[in-house]
Amino acid sequence: MGDIVGVHGIGKYNYYRDAGNSVSGAAAAMRDKWDRYLHKGLTGGSPHAGERYIAEVAYYAHLLGERKDDSPRAVQRMDVGAQTVFVAWAKQLDAVGEGLTGALYRMTSWLLDRLQGNAIEFARFFCPEVATYMTAGGAARAEARAAVAEVIRRNRPKVVIAHSLGSVVAYETLWADPGLEVELLITLGSPLGMRNVIFERLLPAPVNGWGARPPQVGRWINIADKDDIAAIPPELRSCFTGVDQEALVNLDWLDFHTVEKYLGCGALNGHLKPYLR
């Protein structure tokens, strides 16, 4: 069985479309990229096609719907749920020293101009998908968790690497199914602790302000870029028990959230080497 399974993050519907609406095709294409990114992180060399580290990437983006709005005013056309997520996220930037004022929350166009492409991409992909997934009782949430559970159950990995929104899906999936045993959970750029957006809406709900490591997970390692706007707060020990180790990294002042940067930064190397064949 494969020792490592990945759970992807936001904005991955294009893999499904490019594979002719094939989940297996999308998952295979994504695994190829993850392998190349991880190879670079492990060896320090150029990404190498053909090296296999990841057994499978659990694919669920097609269950959250396609996002087509390329406008720099995309946020203004979001539905109410997505706008709520976006505003709650934006308000947290002050807490990490970004210095944005109340005008940020009232004027979406000002925010997009201020953060340029990063905010546009975040608004287009992160908020709508998070809003869809986090809808209480929503079918997409249950379906995404079922898709991830099926991949973990079939591969029986010792390690799950979960990036971005994938860390939320993986966390809830592992809590929901006590039969899914994992030795090591690695979360990358995780928004699990994001207040008013994700944390309070998690299943199971936090108890007395604290979430917890899923019982059948042996160890939990969290890695986040210090400036990752999707990982607020970057350190999960402030709101979760059972996080065994955390690492703050400095990926790129512009490209601070992609799985390519996380897998290629070398921060996972020591944790993964015991599981590499």
Side-chain angles (χ1 to χ4, degrees), residues 7-11 82-102 104-105 111 114-115 118-119 121-123 125-127 129-131 133-134 160-175 184-214 217 219-259 261-263 265 267-268 271:
V7 185
H8 70 77
I10 59 174
Q83 287 180 347
T84 300
V85 169
F86 185 76
V87 171
W89 160 76
K91 288 180 178 178
Q92 296 181 66
L93 292 180
D94 277 326
V96 294
E98 291 296 309
L100 302 181
T101 67
L104 176 90
Y105 324 129
L111 172 63
R114 171 72 165 75
L115 296 182
N118 295 316
E121 292 302 308
F122 190 90
F125 294 116
F126 185 81
C127 298
E129 290 181 48
V130 170
Y133 179 80
M134 298 303 295
V160 170
I161 302 174
H163 174 239
S164 185
L165 177 59
S167 68
V168 179
V169 184
Y171 176 88
E172 293 195 339
T173 299
L174 291 167
W175 263 107
L184 175 61
L185 172 65
I186 301 178
T187 49
L188 305 175
S190 174
L192 273 164
M194 192 176 286
R195 302 283 178 171
N196 303 315
V197 179
I198 290 173
F199 183 71
E200 294 84 357
R201 305 179 189 181
L202 286 171
L203 298 175
V207 177
N208 297 323
W210 287 91
R213 182 178 67 203
V217 172
R219 291 187 300 133
W220 182 359
I221 308 297
N222 180 57
I223 299 170
D225 183 274
K226 64 184 183 64
D227 297 317
D228 191 334
I229 60 175
I232 300 176
E235 295 163 315
L236 294 181
R237 280 179 171 173
S238 62
C239 46
F240 289 87
T241 61
V243 180
D244 295 276
Q245 189 173 336
E246 296 204 275
L248 285 182
V249 294
N250 188 8
L251 300 178
D252 191 299
W253 73 283
L254 285 176
D255 189 8
F256 43 70
H257 185 64
T258 61
V259 73
K261 291 291 184 179
Y262 274 112
L263 293 176
C265 74
L268 289 77
H271 306 298

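Below, each value reflects all heavy atoms present in this structure, side chains not excepted, and no hydrogens, waters or symmetry copies.
When every heavy atom of A162 is checked against every heavy atom of A170, the shortest pair comes out as CB-CB, 3.8 Å. I186 approaches H271 most closely through the heavy-atom pair CD1-CB, 4.2 Å. In terms of heavy-atom proximity, V168 sits nearest to P191 at CG2-CG, 4.0 Å. Heavy atoms only, all atoms of each residue included: I161 and L268 are closest at CD1-CD2, 4.0 Å. Shortest non-hydrogen contact noted between V249 and Y262 is CG2-CE2, 4.2 Å. In this structure, S164 and G9 approach most closely via the heavy-atom pair CB-CA, 3.8 Å.
Here D244 pairs with R213 in a salt bridge; the nearest charged N to carboxylate O distance falls below 4.0 Å.
With sequence neighbours left out, E246 forms a side chain to side chain contact (heavy atoms under 4.5 Å, CB included) with N222, E235, L236, R237, V243. In this view, T241 and W210, A212 satisfy the side chain to side chain contact (heavy atoms under 4.5 Å, CB included) rule, not counting sequence neighbours. Checked against side chain to side chain donor-acceptor pair (under 3.5 Å), S167 has the following partners two or more places apart in sequence or in another chain: S190. Applying the side chain to side chain contact (heavy atoms under 4.5 Å, CB included) criterion to A247, with sequence neighbours excluded, gives I223. With sequence neighbours excluded, the residues satisfying ring-ring contact (aromatic ring centres under 6.0 Å, His included) with F240 are Y171, F199, W220.
In this structure, the separation between CG on L192 and CG on L165 is 9.5 Å, given to the nearest 0.5 Å.
You'll find the side chain of K226 reaches within 4.5 Å of the side chain of N250, heavy atoms only.
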